Amino acid sequence: MFSSLTALSLPGRGAARRATAALVSAFAVAGVVTGAGPAAAAQDAAAQGQGGATATIGGLKTHGTAVIHGEGGDQEVPAGLFEMSVEGGGMLQTYCVDIQNPTQKDAKYHETPWSGTSLGTNKDAGRIRWILRNSYPQVNDLAALAKKAGVRGGLTEQDAAAGTQVAIWRYSDDTDVDAVDPQAERLADYLEKNARGLAEPAASLTLDPPAVSGRPGERLGPVTVRTNAGGATVTPPVDATAGGVRIVDKKGEPVTSVTDGTQIFFDVPEDAAAGTAELAVQASTTVPVGRAFASESRSQTQILAGSSESTVAATATATWADQGAIPALSATKNCAEGALDITALNKGDEPFTFELLDTDYTIAPGETRTLTVPLPEDRAYDFTVRGPGGFEQRFTGVLDCRTRSAALADTTRPLGEPAPTKVVTPAPNPNLAETGSSGVTPLIGGAAIGLVMIGGAILLFLRRRNER
């Protein structure tokens with residue numbers, strides 16, 4: 001039983017006074033669009049400001065049945081608890097808060113702030129957390145739960161899971177849904193009626209900020225540890241030992257373990273060549289109930305209902321140079337704006353100028369700015385910011401901020417079951433709404449045909465030249 005929850009390359013020396021970065025759209029990177037995206041996004045997750053637990057979904061484990069009432073008729077769906085296995089050890093139990101999207105088999109999930117999911121714009125998100133804390137599995141005395149909810153005949157685990165999921169869907173997706181089993185339906189009604197707003201729980205582990213910069217001979221930071229764990233272990237940069245970079249506290253003493261609120265620094269030798277380094281912090285703790293979990297593969301968003309002791313981790317990077325622009329970048333999803341917030345700072349003595357979506361931005365020496373970059377819903381994004389001396393940072397992912405943005409093409413398949421996404425080519429009629437997979441599929445197909453034709457022309461040209 002689950003316990004209750006209590007590629008940065010480096011800027012070099014002598015950088016040009018005006019460094020320009022390029023943006024590469026996801027729709028121009030064929031490898032990402034055709035399937036490399038989720039893996040690349042997972043690798044870049046830490047650089048984009050995330051921290052906490054990373055887990056792989058294992059499927060719907062404890063569930064009953066619900067009925068969704070819609071304009072097209074009623075649809076039966078499974079409703080209940082998913083299980084996830086945590087990287088490094090641990091198990092999680094979650095409910096779905098994104099009924100209109102399928103769950104991808106073996107999708108990888110990251111602990112995510114509410115602001116990076118549909119919960120960030122949902123005024124009832126706090127009521128969902130109340131339901132989680134006052135129902136199964138947090139309340140595992142089912143007799144007591146049944147009595148409180150006025151359920152005659154008691155509750156099975158399946159009833160409790162289904163009733164809890166139905167109550168959550170009523171707030172997360174604003175949908176007309178009922179549990180099939182009368183006991184589960186009574187529990188759902190009780191939870192919906194009595195839910196009260198609670199604050200978003202803090203992350204299990206984050207580092208703030210996740211990126212810093214400065215000059216050799218300085219302590220770069222501070223980076224503040226935020227965690228609910230009793231303690232955490234610090235892993236210094238892998239390649240930093242040879243360069244003399246150390247992880248220290250504000251007194252300059254080496255740090256190998258930290259607690260909540262600890263401030264740590266990158267101590268860079270004065271004679272160090274321009275470069276970058278990354279540290280990692282890892283802990284074992286229970287992840288707080290109500291934390292959101294989002295996937296980069298358009299698998300339905302989950303919310304945490306229970307956690308065993310689990311491994312959580314976060315990373316921070318440092319960049320340094322002795323002159324020119326010295327940038328540091330990090331990003332977080334902003335569902336309220338349908339955008340990615342990129343925080344850029346420049347600790348150098350020259351401006352850092354780069355381009356995003358045909359707009360030039362300049363970060364003055366000593367300045368920190370947050371840039372809000374609008375992105376399309378449910379589409380993979382992949383762009384790279386480049387700067388002086390080979391500085392390069394890539395941002396990838398999928399913005400999944402709305403629960404009803406992508407209706408399933410196959411309405412006969414039960415929602416909530418792990419299944420591969422059905423690939424759908426949108427009809428040419430511009431008045432039809434998009435459903436299913438990304439609308440860039442025709443673009444990819446056209447590009448592929450073009451490449452084949454170009455390749456054939458080249459081969460024909462070479463053959464004729466050899467025959468001469």
Side-chain angles (χ1 to χ4, degrees), residues 7-24 43-44 46-49 207-224 234-250 252 254-255 263-281 314-331 341-356 360-371 383-395:
L8 289 170
S9 296
L10 301 178
R13 303 185 179 191
R17 290 191 174 275
R18 181 177 177 85
T20 304
L23 176 144
V24 182
Q43 293 172 0
D44 288 355
Q48 296 188 33
L207 298 178
D208 182 30
V212 295
S213 65
R215 300 177 184 277
E218 298 178 345
R219 294 176 191 160
L220 309 186
V223 174
T224 303
V234 178
T235 301
V238 176
D239 299 325
T241 304
V245 177
R246 302 183 306 150
I247 306 304
V248 301
D249 60 18
K250 59 184 178 182
V255 173
Q263 291 186 329
I264 52 181
F265 300 78
F266 293 82
D267 188 13
V268 182
E270 189 172 359
D271 60 353
T276 190
E278 179 182 87
L279 67 83
V281 176
T315 61
T317 60
T319 304
W320 61 88
D322 61 359
Q323 60 182 353
I326 313 175
L329 303 177
S330 61
D341 282 344
I342 298 178
T343 300
L345 63 89
N346 177 13
K347 289 297 184 71
D349 54 15
E350 297 176 0
F352 174 53
T353 299
F354 58 97
E355 180 184 331
L356 280 179
D360 287 336
Y361 298 94
T362 298
I363 310 301
E367 183 184 11
T368 299
R369 289 178 60 192
T370 297
L371 311 173
F383 56 85
T384 300
V385 173
R386 298 183 177 91
F391 175 93
E392 184 174 292
Q393 185 153 345
R394 181 183 180 189
F395 298 94

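All heavy atoms count here, side chains included; hydrogens, waters and symmetry mates do not. Everything quoted here is computed from the prediction, not taken from an experiment. Numbers here simply count residues along the sequence, with the first being 1.
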For residues [X] and [Y], report the shortest heavy-atom separation together with the two atoms involved.
| X | Y | answer |
| --- | --- | --- |
| Pro237 | Phe266 | CG-CE2, 4.2 Å |
| Pro351 | Ala325 | O-CB, 3.6 Å |
| Arg219 | Asp267 | CG-OD1, 3.9 Å |
| Trp320 | Ala273 | NE1-O, 2.7 Å |

From [X] [atom1] over to [Y] [atom2], what is the distance, rounded to the nearest 0.5 angstrom?
| X | Y | atom1 | atom2 | answer |
| --- | --- | --- | --- | --- |
| Gln393 | Thr319 | CD | OG1 | 7.5 Å |
| Phe395 | Ser330 | CZ | OG | 7.0 Å |
| Glu350 | Ile326 | CD | CD1 | 9.5 Å |
| Arg394 | Leu329 | CZ | CG | 15.0 Å |
| Phe265 | Ile247 | CZ | CD1 | 11.0 Å |
| Asp322 | Asp271 | CG | CG | 11.0 Å |

Could I get the full list of side-chain contact (heavy atoms from CB on, under 4.5 Å) partners for Pro254, not counting sequence neighbours? Arg246
Tell me every residue that passes side-chain contact (heavy atoms from CB on, under 4.5 Å) with Thr370, counting only those two or more places apart in sequence or in another chain. Asp341, Thr343
With Leu279 as reference, evaluate Thr317, Val223, Ile264, Thr315 under the side chain to side chain contact (heavy atoms under 4.5 Å, CB included) test and give the passing residue. Ile264
Ile363, Asp360, Ile342 screened by side chain to side chain contact (heavy atoms under 4.5 Å, CB included) with Phe354, the one that passes: Ile363
Using the rule given for side chain to side chain contact (heavy atoms under 4.5 Å, CB included), can you reason through Tyr361 versus Val385, listing the C-alpha separation, both sets of side-chain angles and the distance that settles it, and then say yes or no? CA-CA 11 Å; Tyr361 298 94; Val385 173; over 6 Å; no
Return the set of residues passing salt bridge (charged side-chain N to carboxylate O under 4.0 Å, His left out) with Arg215 (not counting sequence neighbours), or none when no residue passes. Asp349
List in chain and number order the residues that pass salt bridge (charged side-chain N to carboxylate O under 4.0 Å, His left out) with Glu218, two or more places apart in sequence or in another chain; answer none if no residue qualifies. none
